[in-house]
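Accompanying notes for the structure given below.
Along the sequence shown, residues are numbered consecutively beginning with 1. Just follow the structure's listing: the first ligand is 1, and inside any ligand the first atom is 1. These numbers were taken from a predicted model, which means no experiment stands behind them.
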Amino acid sequence: MSPRPHACLTQHLVWRRLQRGQLEFLWSLAGALGLVLGHPFDTVKVRLQTQTTYRGIIDCMVKTYRHESLLGFFKGMSFPIASIAMVNSVLFGVYSNTLLALTATSHRERRAQPPSYIHVFIAGCIGGFVQVYCLAPFDLIKVRLQNQTEPRARPPGSPPPRYRGPVHCAVSIFQEEGPRGLFRGAWALTLRDTPTMGIYFVTYEWLCRQSTRDGQDPSPARVLVAGGFAGIASWAVATPLDVIKSRLQMAGLKRGAYRGVLDCMVSSARQEGLGVFFRGLTINSARAFPVNAVTFLSYEYLLRSWG
Ligand SMILES: CN(C)C(=N)NCCC[C@H](N)C(=O)O
């Protein structure tokens with residue numbers, strides 16, 4: 001006897017739901033994996049931007065490895081891993097919904113009726129602006145932990161690191177610097193991410209459209225390349241404010257180090273020259289390609305699987 005039609009439909013829906021669940025899980029895993037692989041580069045970048053003891057990328061890598069072993073490169077990684085899904089859902093969700101409000105087209109319809117670049121830019125800027133307030137505390141904790149250069153196995157008698165882990169770091173900042181302390185550097189982060197997320201999405205859209213016939217979805221290889229270059233282009237523009245943001249986040253430890261974004265820019269440039277604004281650019285670009293290639297692949301395939 002053939003199964004009843006509604007039973008078939010239910011089975012089909014359950015099966016689709018399971019497939020989607022698997023897909024979502026796989027892509028979150030891919031995003032987290034991208035972040036894990038990119039984290040050592042991020043640690044070197046943050047240290048180059050905030051500490052003056054390193055002569056360059058290689059010097060920083062060698063010193064970190066000798067003093068802290070491979071584990072030193074992975075300091076501060078747990079909160080970014082735990083928060084990446086939330087931060088990306090806010091960024092891509094606000095971006096996609098703003099585009100929907102501006103163009104009245106869904107993701108699927110957008111291939112046939114591509115939105116204008118100005119709409120993509122505005123939606124990207126709004127997405128970037130909103131995600132800052134989810135990202136700021138996690139980013140602050142990451143930067144503080146990445147800058148702790150004490151080795152895990154400390155010689156007896158040497159002082160312990162200031163923070164014992166991410167939760168201890170969050171609690172200490174809250175107690176010592178107040179609730180607003182958790183948002184230290186958020187203004188620089190807003191200035192960094194609002195325009196650069198516009199650039200991020202415009203670069204991605206432009207590269208996809210250059211390499212795909214009108215009305216067609218870009219192939220996975222094209223999504224990876226466009227996502228990777230969107231990451232590099234946006235980080236190239238974001239680097240000067242990224243340096244300032246990281247320095248302001250660390251400045252909470254030495255009270256009164258800077259009076260604000262402008263003061264940090266002026267005193268950094270006076271003491272270290274204009275090159276200071278490009279610290280970490282090379283290593284960050286190497287990191288940005290794989291991380292953002294995977295991010296856009298997840299975004300495209302999740303949206304397509306949701307139909
Ligand atoms: C220039 N900026 C700030 C960005 N393009 N941000 C979006 C990419 C974020 C990604 N998790 C990454 O860490 O590269």
| request: Kindly confirm or rule out an N or O of Arg287 lying under 3.5 angstrom from an N or O of ligand 1. | output: yes

| query | Purely on distance, is any nitrogen or oxygen of Ser234 under 3.5 Å from one on ligand 1? | reply | yes

| request: Salt-bridge test for Arg144 and Glu177: reply yes if a basic N is under 4.0 Å from a carboxylate O, no otherwise. | output: yes

| said: Counting non-hydrogen protein atoms only, what is the nearest one to atom 3 (C) of ligand 1? Give residue, atom name and distance. | reply: Asp193 OD1, 3.1 Å

| query | Does Asn88 reach ligand 1 with a nitrogen or oxygen that is under 3.5 Å from one of the ligand's nitrogen or oxygen atoms? | reply | no

| field | salt bridge (charged side-chain N to carboxylate O under 4.0 Å, His left out) involving Lys245 - partner list, sequence neighbours excluded | value | Asp139, Asp242

| query | Got the closest protein heavy atom to atom 6 (N) of ligand 1, with its distance? | reply | Met197 CE, 3.0 Å

| message | Is there a polar contact, in the sense of an N or O pair closer than 3.5 Å, between Asn292 and ligand 1? | response | yes

| query | Within 45 degrees of the axis of the six-membered ring of Tyr117 and under 6.0 Å from its centre: does Arg209 put its NZ or CZ there? | reply | yes

| task | Identify, by atom number and element, the atoms of ligand 1 in contact range of Ala238, meaning under 4.0 Å from any of its heavy atoms. | result | 1 (C)

| field | SB check Glu68 Arg47 (cutoff 4.0 Å) | value | yes

| query | What is the nearest protein non-hydrogen atom to atom 11 (N) of ligand 1, stated with its residue, atom name and distance? | reply | Ile84 CD1, 4.1 Å

| Set of side chain to side chain contact (heavy atoms under 4.5 Å, CB included) partners for Val132, sequence neighbours left out | Leu189, Thr190, Asp193

| request: Check for a donor-acceptor pair, side chain of Gln148 on one end and backbone N or O of Arg162 on the other, with a separation under 3.5 Å. | output: yes

